[in-house]
There are 2 protein chains.
Amino acid sequence: MREIKIDPDSAVPVYRQLVDALRARIESGEIEPGRRMPSETDLEQATGLARGTIRKSVETLRAEGLIITVKGKGSFVAEHQDDATD
Amino acid sequence: MREIKIDPDSAVPVYRQLVDALRARIESGEIEPGRRMPSETDLEQATGLARGTIRKSVETLRAEGLIITVKGKGSFVAEHQDDATD
DNA sequence: CACCATTTGTTCGTATGTATG
DNA sequence: GCATACATACGAACAAATGGT
């Protein structure tokens, strides 16, 4: 896992910073639809954050519909349904 | 497996208590270098702890260099290299 | 060879306690 | 009180390596 820079002194909560970083990777296409996201353990190492915090970030992405999560397997970038109504 | 007493109400985390108990068995020579450690399942029964907790203890011993682990086989007391510089 | 039991490895789900701002 | 964040702990599903039948 590549390092993910988190600023613990920022006014932006660290879990939010991680949400933004992961969303950027998804929306840029760096992690393609159907591909697996880094595991929670990977993200712990990449960020230095606690697992509970990682999970809060991942849950946010899930709530946004950007990923789906399967127990025992991991989280995967949603195949979607781009939000564009166009 | 002989029972391993764990005090869930102790200020010492239960995974730490297990680390200490296992380290004592190794350092006393009760489990000799090269011999296999109790399996995770054995330790679950001997302690009543969850497997994740057992694994955390075992990982600590591994990090300390006291044991080596082989997937599908088990963990074995390291042949070492006593830390004594003597 | 196929099958199965044992064993460790990986991953997510949930809950509790503590501390800080 | 509430949100954030860390550590601990239990539970569950899935995966892979090993060894014996």
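Naming convention: chains lettered A, B, ... in sequence-line order (proteins, then strands); numbering from 1 in each chain.
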query: Nearest-Å distance, CE (Met1(A)) to P (dT11(C))?
result: 12 Å
task: Could you check which residues of residues 35-43 of chain A get a heavy atom under 4.0 Å from DNA chain C? Sort them by number, please.
output: Arg36(A), Ser39(A), Glu40(A)
- line: Nearest heavy-atom contact between Val14(B) and Ile6(B) is CG1-CG2, 3.5 Å
statement: Separation of dT4(D) atom P from Ile6(A) atom CD1, nearest Å, is 14 Å
message: Using every non-hydrogen atom in the two residues, find where Arg16(B) and Arg23(B) come nearest and quote the distance to one decimal.
response: NH1-NH2, 4.2 Å
task: Report yes if the side chains of Ile67(A) and Phe76(A) come closer than 4.5 Å at any heavy-atom pair, otherwise no.
output: no
query: Between Arg25(A) and Glu32(A), is the closest basic N to carboxylate O distance under 4.0 Å?
result: no
Side-chain touch Ile4(A)/Met1(A), heavy atoms, less than 4.5 angstrom: yes
query: Counting only non-hydrogen atoms, which of residues 11-27 of chain A are less than 4.0 Å from DNA chain C?
result: none
- prompt: Can you check whether Ile31(B) reaches Met37(B) side chain to side chain, under 4.5 Å on heavy atoms?
  reply: yes
- request: Calculate the interatomic distance between Arg51(B) atom CZ and dC10(D) atom C1'; express it in whole Å.
  value: 13 Å
Glu44(A) bridged to Arg51(A) by N-O distance under 4.0 Å: no
Any residue of residues 53-74 of chain B with a heavy atom less than 4.0 Å from an atom of DNA chain D: Thr53(B), Lys56(B), Lys71(B), Gly72(B), Lys73(B)
query: Does a side-chain heavy-atom distance below 4.5 Å link Arg36(A) with Val70(A)?
result: no
task: Could you check how far CD of Glu44(B) sits from P of dT8(C), rounded to whole Å?
output: 10 Å
field: Rounded distance (nearest 0.5 Å) linking atom CD of Glu59(B) with atom OG1 of Thr69(B)
entry: 8.5 Å
- request: Report the distance from atom CZ of Phe76(B) to atom P of dT7(C), rounded to the nearest whole Å.
  value: 11 Å
- prompt: Looking at side-chain heavy atoms only, is the closest gap between Leu66(B) and Val77(B) below 4.5 Å?
  reply: no
- request: Go through Ser75(A) and Val58(A) one step at a time and tell me if the side chain to side chain contact (heavy atoms under 4.5 Å, CB included) criterion holds.
  value: CA-CA 8 Å; Ser75(A) 288; Val58(A) 172; 3.9 Å; yes
